[in-house]
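Because the structure is a prediction, the values reported are computed rather than measured. One-based numbering, in listed order, for ligands and for the atoms of each.
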Amino acid sequence: MQEIRIELTKSPKQKPAAQSQLGFGQLFTDHMYIMDYHEGQGWHDPRIVPYQPISLEPSAMVFHYAQEMFEGLKAYRTEEGRVLMFRPDRNIARAENSCKRLCIPPVPADDFMNAMKTLVNLERDWIPTEPGTSLYVRPFIIATDPHLGVHPSHSYQFIIILSPSGAYYASGLNPVKIWIEDDYVRAVRGGIGEAKAGGNYAASLKAQEKSDAEGYAQVLWLDGVERKYIEEVGSMNIFFKIAGKVVTPALNGSILPGVTRATCLELCRAWGLEVEERRVSVDELVAAARDGSLEECWGSGTAAVISPVGVLRYGDEVMEIAGGGIGPLSQKLYDTVTGIQTGKLEDSFGWTVEIK
Ligand SMILES: *Cc1c(COP(=O)(O)O)cnc(C)c1O
């Protein structure tokens with residue numbers, strides 16, 4: 001593991017007083033982490049420096065061919081003042097897979113973990129404390145070769161920035177309305193859908209615009225070939241409770257393998273529920289909504305943790321779920337996951353990592 005050089009800021013920023021108005025991803029802490037890669041040299045020169053603009057050639061490959069990957073996870077402060085990260089090993093493993101798919105040299109796992117721990121620890125006073133708030137951790141890698149040829153870059157930067165974030169739900173869990181998109185697609189098997197890559201989000205914006213205009217909060221994607229099977233929501237995986245069973249689309253190569261998804265599956269299985277990872281067709285959902293067996297639906301992802309779905313819209317079909325409210329299993333998952341993340345509940349799974 002390489003030692004991190006630390007250069008502290010001479011002009012620390014004022015920390016926000018009103019934690020409820022933090023929003024998401026708008027404010028950044030005093031410092032950031034950077035490490036460089038050059039072919040022949042490998043990853044080198046890890047450093048923490050004051051948060052600042054980076055300088056790149058206009059020809060840097062990331063701007064032209066989107067060779068980029070990112071991660072997202074959160075650090076929380078417990079009531080006793082301990083700092084916890086939630087399953088960071090999972091994000092590091094997923095980052096390695098994203099890198100492999102995008103021909104980016106992966107960052108060694110111990111350097112990745114040490115980078116996040118050292119930066120979060122340095123910025124621990126930035127972690128908000130009000131219920132639902134957290135410090136969002138955004139690691140990412142960009143291709144920096146100043147070259148317009150299409151090939152994997154020979155140089156990269158690995159950067160981590162931190163953003164104090166407000167409560168996703170201002171006043172308790174809130175059900176969302178979701179638009180099932182049957183025209184645009186996000187990803188296809190064989191593409192980069194299972195990598196956490198910026199390019200997937202560029203592909204998603206058009207449908208999001210459409211769903212916004214219709215008054216829906218997020219898009220639920222169908223498979224890229226037949227547009228018949230459920231994949232996932234914008235930045236969340238999707239779960240259903242159908243006739244007592246927990247059902248989620250199986251990871252098929254075009255779905256992002258969420259850490260919160262894995263957490264939901266492990267909890268539901270530990271609670272003795274019947275759980276199925278399989279193909280789920282939109283026709284099955286419509287039929288289940290009509291005959292009353294679609295009991296619950298929720299999205300899972302780091303930002304919202306659990307996002308209950310009150311309405312699903314597919315063409316002219318408007319499916320109201322759990323009376324448009326919050327199902328009991330969605331609520332239990334939210335309470336349990338956030339309880340473990342914030343140190344209020346015992347972490348019997350060993351999911352949290354204390355930063356000190
Ligand atoms: C990050 C992400 C998710 C959720 O993953 P988590 O690890 O649970 O945060 C789901 N879908 C997409 C497209 C994502 O980018």
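With a 4.5 Å cut-off on side-chain heavy atoms, Arg279 and Asn252 do not count as touching.
With a 4.0 Å cut-off on non-hydrogen atoms, Leu256 touches ligand 1 through its side chain and not its backbone. Residue contacts with ligand 1, taken as heavy atom pairs separated by less than 4.0 Å, involve Arg186 solely via side-chain atoms from C-beta onward.
With respect to atom 9 (O) of ligand 1, the closest heavy atom belonging to the protein is Thr302 OG1, 2.6 Å. Closest to atom 5 (O) of ligand 1, if we only count protein heavy atoms, is Gly258 CA, 3.3 Å. Here the protein heavy atom with the shortest distance to atom 4 (C) of ligand 1 is Ser235 O, 3.6 Å. Among all protein heavy atoms, the one lying closest to atom 8 (O) of ligand 1 is Thr260 OG1, 2.6 Å.
By the 6.0 Å and 45° rule, Lys210 does not stack over the aromatic ring of Tyr216.
Nearest heavy-atom pair across Pro257 and Asn237 is C-OD1, 4.4 Å. Ala217 approaches Val176 most closely through the heavy-atom pair CB-CB, 4.1 Å.
Of all the listed residues (Glu231, Glu232, Arg90), Glu232 holds the heavy atom that lies closest to atom 12 (C) of ligand 1. Distances from atom 15 (O) of ligand 1 to the heavy atoms of Phe86, Tyr201, Phe70 show the closest one on Tyr201. Within the set Lys196, Arg261, Arg94, Glu71, the minimum heavy-atom distance to atom 7 (O) of ligand 1 is found for Arg94.
One hydrophobic cluster holds both Ile6 and Tyr33 under the rule that ILVMFWY side chains link at heavy-atom gaps under 4.5 Å.
Residue contact annotation: Gly234 has a non-hydrogen atom under 4.0 Å from ligand 1.
In summary, Glu284 and Arg278 engage in a salt bridge, as defined by a charged side-chain N under 4.0 Å from a carboxylate O.
For the side-chain contact (heavy atoms from CB on, under 4.5 Å) criterion with Met319, the lone passing option out of Ile180, Val311, Val309 is Ile180.
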